[in-house]
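Remarks on the structure that follows.
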Amino acid sequence: MEITAPRGVRDILPGETEKWRFVEGVAYNLAKRYNYREIIIPIFEHTELFSRGIGEATDIVSKEMYTFEDRGGRSLTLRPEATASIVRAYLEHHFEQKPQPQKFYFFGPMFRYERPQAGRYRQFWQIDFEALGSPDPLLDVEVIALAWDLMFSLGIKNLEIQINSIGCPKCKEGYKIALKEYLADKLNLLCEDCQRRYETNVLRILDCKRESCRSIVEGAPKITDYLCADCKNHFEEVKEGLDLLSLPYILNPYLVRGLDYYTRTTFEIISYKLGAQNALCGGGRYDLLAFEIGGSMVPGVGFAAGLERIVMVLEEEGLLQDTEKGIDIFIVSIGEEAKKQAFKLLHILRREGISADMDYTNKNLKAQMKIANQKKAAKVLIIGEDELSVGMVKIRDMDSGKQEEVSLSDVLSYLRRWKK
RNA sequence: GUGAACGUAGCUCAAGUGGUUAGAGCACCAGGCUGUGGACCUGGGGGUUGGGGGUUCGAGUCCCCUCGUUCACCCCA
């Protein structure tokens, strides 16, 4: 059997996990500051939740889900994103009975069957913020401000907030018709993909990357000109709110996101330091999602941020240093009896809150010292037959190389003093 | 799912147009120093050249298949 992880998934090894915990910690603190409370959702859900919520025709549902049948014949799916689950949890546990909005924070892995590439994996980690129960445009602004604050708190530069409004289903339909009319006589100028999109999902033509399509799109009608009065007003208030907080943003009338549930506000924060997969986070408003999955009408707005991509940018910009920390004490022993005493002392130190370790491979003194050095131990305790016979322990400072003797009974108080 | 590039030691990489027993640095282990880390010196262990098939007297090198990695498309975090 070949010993490898499946395609598109990877281990996060010691040395990397510290970086992940750092990012997660920043997000967790922000959640507290903005009053988003942590929720932990299941890894899998009924397949129907996603097919109805995200949309049957989306790429995620039509070709990217890890779906399986359990022993009871139920169709289950590894979550490809968190929003639908959080809305489901909100409805299931009757959060509409509580003061609105209810705000949630989540951190965990997602699963999508895609071809891996830079910044894209089959199991990837997301930080998720969702605010449910209010249509207030200032809540959209809060969510965008939170996303921006997350990047700012991590120290990430060279970013851009892009926002757009794709309106409600009514304005969207009107716009689609107008867009199709505009494109009708230019179909043969579009790329193959876009000719297909003309039938399947005309909005996606807007963010095609081909130069030829882009130039055609430039002359196309803009969705923001087709918003109904309510949606237009909502969008204006979002922009005002962003200005109020002096958040820099760029209007991108071609920002169309690939999940069906979005209404009105959509936004992304992109980095210039990444490759093709440059969205560090993305989100928007989804006022119809709760209804679509069979609940009452619960407006919501939120975003997801990709851990892998954030860590990539942090590495790129050199914002992640000094993750390797040493231990306080390494105990070196010589001889069977000394090893037992060392082991006992090790346990006592650890119970004292001192990080400590010893050798378990019966290395000689020199080799043990070498290990202590590699583990970046601040001090080494040396216990040999000689020391044991007089009840002493040698304590070596690994920076200065200075060494002193302390009686076994005083070691603890010596180290307590040193730790302070 | 489509396209391209690439797979040699734990890691980073060598091995003119096919030609002895596939090398080096780092890492690891041991010794120099039999009770003292980092530096240095010496030695050692490690490889089915991703896997399978083919061409050839002979394949790490050429051909086919397959798996994997990377990047891009599609799409997304």
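The shown structure was predicted, so the numbers you read here are calculated from the model rather than taken from an experiment.
- Side-chain polar atoms of A/Ser165 and A/Thr265 form no donor-acceptor pair below 3.5 angstrom.
- One interatomic measurement links the two molecules: CZ of A/Phe111 to P of B/A77, which rounds to 16 Å at whole-angstrom precision.
- For residues 107-116 of chain A, the set of pairs meeting the side-chain hydrogen bond (donor to acceptor under 3.5 Å, both in side chains) definition, not counting sequence neighbours, comprises A/Glu114-A/Arg120.
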Give each protein N/O atom lying under 3.5 Å from an N/O atom of nucleotides 2-8 of chain B, with the pair distance.
unit_1	atom_1	unit_2	atom_2	d
B/U2	O4	A/Arg115	NH1	2.5
B/G3	O6	A/Arg115	NH2	3.4

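- Looking at heavy-atom distances under 4.0 Å, A/Ala279 makes contact with sugar-phosphate atoms alone, never a base.
- With sequence neighbours left out, A/Phe267 forms a ring pair (Phe, Tyr, Trp, His ring centres under 6.0 Å) with no residue at all.
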Reading nucleotides 35-47 of chain B from 5' to 3' and marking B where a protein heavy atom lies under 4.0 Å of the base, S where only the sugar-phosphate is that close, and - otherwise, the string is BBBB---------
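- Taking the six-membered ring for Trp and the full ring otherwise, A/Phe95 and A/Phe104 have centroids separated by under 6.0 Å.
- Not counting sequence neighbours, A/Trp418 has no partner by the ring pair (Phe, Tyr, Trp, His ring centres under 6.0 Å) test.
- Nucleic acid contact class of A/Gly335 (heavy atoms, under 4.0 Å, all strands): none.
- Non-hydrogen atoms lying under 4.0 Å from RNA chain B are contributed by nothing in residues 29-49 of chain A.
- A/Glu142 has its side chain within reach of A/Tyr34: a pair of non-hydrogen atoms, C-beta onward, lies under 4.5 Å apart.
- Listed by first and then second residue, the salt bridge (Lys or Arg N to Asp or Glu O under 4.0 Å) pairs involving residues 263-281 of chain A are A/Arg257-A/Glu268 (not counting sequence neighbours).
- A search for ring pair (Phe, Tyr, Trp, His ring centres under 6.0 Å) contacts involving A/Tyr36 returns A/Phe129, not counting sequence neighbours.
- Counting only Watson-Crick and G-U wobble pairs whose two key distances fall under 3.5 Å, RNA chain B forms stems of three or more stacked pairs at B:1-7 with B:67-73, B:10-13 with B:23-26, B:28-32 with B:40-44, B:50-54 with B:62-66.
- Within residues 301-310 of chain A, the residues having any heavy atom under 4.0 Å from RNA chain B are, by residue number, A/Ala304, A/Gly306, A/Arg309.
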For residues 358-365 of chain A, which side-chain N or O atoms pair as donor and acceptor with protein atoms under 3.5 Å away, sequence neighbours left out?
unit_1	atom_1	unit_2	atom_2	d
A/Asp359	OD1	A/Thr361	N	3.2
A/Asp359	OD1	A/Thr361	OG1	2.7
A/Asp359	OD2	A/Thr361	N	3.2
A/Asp359	OD2	A/Asn362	N	3.0
A/Asp359	OD2	A/Lys363	N	3.0
A/Asn362	OD1	A/Lys339	NZ	3.0
A/Asn364	OD1	A/Lys366	N	3.3
A/Asn364	OD1	A/Ala367	N	2.8

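- Residues passing the ring pair (Phe, Tyr, Trp, His ring centres under 6.0 Å) test with A/Tyr226, sequence neighbours excluded: A/Tyr175.
- One donor-acceptor pair, N or O on each side, does fall under 3.5 Å between the base of B/C75 and the side chain of A/Arg120.
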